[in-house]
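Below is one structure, written out as structure tokens; comments come after it.
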2 protein chains.
Amino acid sequence: MTPEDIADGRASARRSANPTVHDVALEAGVSPMTVSRVLSGGKNVRAELQDKVWRAVETLGYHRNENARSLRPGHRSGLVGVTITNIANPYYAEMLRGVEEIASANGRRILVGNSNEDADLERQLVADFIGRRVEGLIVVPSSTGDGAHLQGERLGGAPLVLASRAVAGVDVDTVLIDDVAGARAATARLLAEGHRRIAFLGNRSSVFTGRRRLDGFTLAHHDVGIEPLPDLVRLGQQDVGAAEHAMAELLDLPHPPTAVFGANNRNTVGAIRAIVARRRSADAAGVTSAEIRVAGFDSFDFADIAPVRLSVVDHDAGDLGRRAADMLFERLDDAPAAGSARLVELPVTLRDLF
Amino acid sequence: MTPEDIADGRASARRSANPTVHDVALEAGVSPMTVSRVLSGGKNVRAELQDKVWRAVETLGYHRNENARSLRPGHRSGLVGVTITNIANPYYAEMLRGVEEIASANGRRILVGNSNEDADLERQLVADFIGRRVEGLIVVPSSTGDGAHLQGERLGGAPLVLASRAVAGVDVDTVLIDDVAGARAATARLLAEGHRRIAFLGNRSSVFTGRRRLDGFTLAHHDVGIEPLPDLVRLGQQDVGAAEHAMAELLDLPHPPTAVFGANNRNTVGAIRAIVARRRSADAAGVTSAEIRVAGFDSFDFADIAPVRLSVVDHDAGDLGRRAADMLFERLDDAPAAGSARLVELPVTLRDLF
DNA sequence: TTGTAGGCGTTATCAA
DNA sequence: TTGATAACGCCTACAA
């Protein structure tokens, strides 16, 4: 049995599976190297042979094996790993699209994992991605855990960019929304209108953005020489229902707030619901209820037709993703270890929707 | 120079990059095979050596190269390719999460691409995924193109599942939402309430779901012995702004509609906006405007606080993704070529949000 | 229980 | 211009 027989046997056995350069070479009657050359642009290959090779590629349905390819020294995997705390959250979905857009433009594909706010799952995802030799990582870090798995030594040399949230002790490129400035501006607006009893509905302060938005809220108060009223600060509402309940409680206080700041759109919507419900029952009872002014972080569907005076802190999640990806590719392509970690805070806009 | 010297030189040169089994073996003072065995569970390796190996792995920050691994006969890449027409659409984001959930549970990772409704981009994505030896593909097919690139012969043997939309001439497993029944039920509700001038705002009918939802709308009319009014059917609105504009035009007609069916959430939201805007200007002018009843396909954020009488055809996009992934893994794990293409239509629910 | 040889698919390098 | 060889990192088969 000659080597050709063996090769031929292999080739035909594989017709239905994944053909290799070898199979294509056999079909075209050339050597594997010629096939490889043609696939890489065809420099220094006779036009006639190029035709033959392309025809064979077509006939066999050949697709170059990128995994084998990336094994060769100097070659890269063309992959970027992305972990997100919740892919289904429209905000992160928009961010993911931004990442994909830039990755695509740079000829890379994205491996996507959902960490579900679980640091352990996140660690597994990152380890798996490193095992697949991603060229870099973009991570929305989970709010649990200490970020030990994000330390550079564990990443096999792949650069990391954190998006949306920072992690204490992890000194890498980070892209954030300017939570503090946004919350401060929105609160300042309420204060400038004369409100002095402003409620705050937000996340647990263990959530990075939650902490920062409460900071902004507090700073705006300090800016006019007062302190936030502790009784009016409610943290930990995760959904609209909880937020509505919290707001209803606030409205039941002997001295209810005259305005409210929702630190995310669930809390803002919940607040609006409670306000509207209260207004309705007041109307039904024939009494007039005080108008409650509302401001919130993040816009939402129908924000512009909400039945209250509403201002929102707005920004484009896609920008966040694009910016994070840009930073990653700067590290990859331009200067492998250019300078130390950068922190970017994307600006936000305060919009009045009335 | 002995082989050891060479190997040692390599190892130290690589300390900062990606160590290999060889490097770990050197560090642990064993052979690469022992390392490999330990990494695969440690059967038939002395506990003492296992410790040494794990310590070396830790010291060097070793991650097994999955790409090299998948090269070996019998091994699989552990990847599933997913292409979506628009990742940022919350609907598909939810679907993607469903796919990721099932993929993760099956020990696979997902490669994600955005086709942007562009058949050519989709073709490139699929080709790239095949090149990376994905084990299977889940595709939300773009509304353009003929699906030639989705024919089995081009897929290198990887099974394909179409999600959300079918493609004429591509005979593969497909998971759809029951668009026809949903649109029919919602329209029937409006008709049952006595509405006879019902507007339709939807996609171009070249979009698979657009066509089907218009069919359902039409069938509901036939069910009560009438025809839809052609003047009230507006197709092709891709975003909320266009839908709002189209609805405003309809409201300007001499005989405006008394109800509207939005064939997707962008169109429903746009319709609501136009209705609310009209109501406000009427209120300002001191005249009363007619209530317009609204029904729509797909729910959306805060649909339940929409300031109109609204019913939505609801379903869980996550189910769509999970089901598609399930079907894919059935093909992969159970019976490689079990039976012919299956078509699944997931049921929908009509919900009143008032 | 441990180690050696070889090959998965590709391509850089060198030879023809 | 074309082809043979070797090596990327890993692991099955076999040998020790």
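Computed from a predicted model, the values in this text were never measured in an experiment. Order of the sequence lines fixes the chain letters, A, B, ..., with proteins taken first and strands second; residue numbering starts at 1 for each chain.
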Measure from the side chain of [X], starting at C-beta and using heavy atoms only, and say which of [options] lies closest.
| X | options | value |
| --- | --- | --- |
| B:Ala68 | D:dC8, C:dT10, D:dC10 | D:dC10 |
| A:Met33 | C:dT1, C:dT13, C:dT10 | C:dT13 |
| B:Thr20 | C:dT2, D:dC10, C:dT10 | D:dC10 |

Can you check the [X] [atom1] to [N] [atom2] distance for me, whole Å?
| X | N | atom1 | atom2 | value |
| --- | --- | --- | --- | --- |
| A:Leu49 | D:dG3 | CG | P | 7 Å |
| B:Lys52 | C:dT2 | NZ | P | 10 Å |
| A:Lys43 | C:dA12 | NZ | P | 15 Å |
| A:Arg132 | D:dC10 | CZ | P | 14 Å |
| B:Asn65 | C:dG9 | CG | P | 16 Å |

What pair of heavy atoms forms the shortest contact from B:Asp120 to B:Asp118, and how long is it?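 Shortest heavy-atom separation between B:Asp120 and B:Asp118 comes out as N-OD1, 2.7 Å.
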Select base, sugar-phosphate, or nothing to describe what [X] touches, counting heavy atoms under 4.0 Å on all strands.
| X | result |
| --- | --- |
| A:Arg69 | sugar-phosphate |
| B:Arg37 | base |
| B:Asn44 | base |

On DNA chain C, compare the nucleotides closest to A:Val35 and B:Val45; which residue's is nearer the 5' end?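 Here B:Val45 is the residue nearer the 5' end.
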Toward the 5' end of DNA chain C, which comes first, B:Arg133 or B:Gly29, by nearest nucleotide?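 Its nearest nucleotide being more 5', the pick is B:Gly29.
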Donor-acceptor contact below 3.5 Å, side chain B:Gln50 vs main chain B:Val45: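 Yes.
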Under 6.0 Å from the CZ atom of A:Arg165, do we count more than 12 heavy atoms belonging to anything else shown?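 Count over threshold, so yes.
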Does a side-chain N or O from [X] land closer than 4.0 Å to OP1 or OP2 of [N], or not?
| X | N | result |
| --- | --- | --- |
| A:Ser36 | C:dT11 | yes |
| A:Arg46 | D:dT2 | yes |
| B:Ser31 | C:dT2 | no |

Quick one: the side chain of B:Arg72 and the base of D:dC11, do they pair up donor-acceptor inside 3.5 Å?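 Yes, the side chain and the base share a sub-3.5 Å donor-acceptor pair.
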Name the residue from B:Leu79, B:Leu332, B:Val99, B:Leu328 that meets the side-chain contact (heavy atoms from CB on, under 4.5 Å) definition with B:Arg108.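 Of the listed options, the one satisfying the test is B:Leu332.
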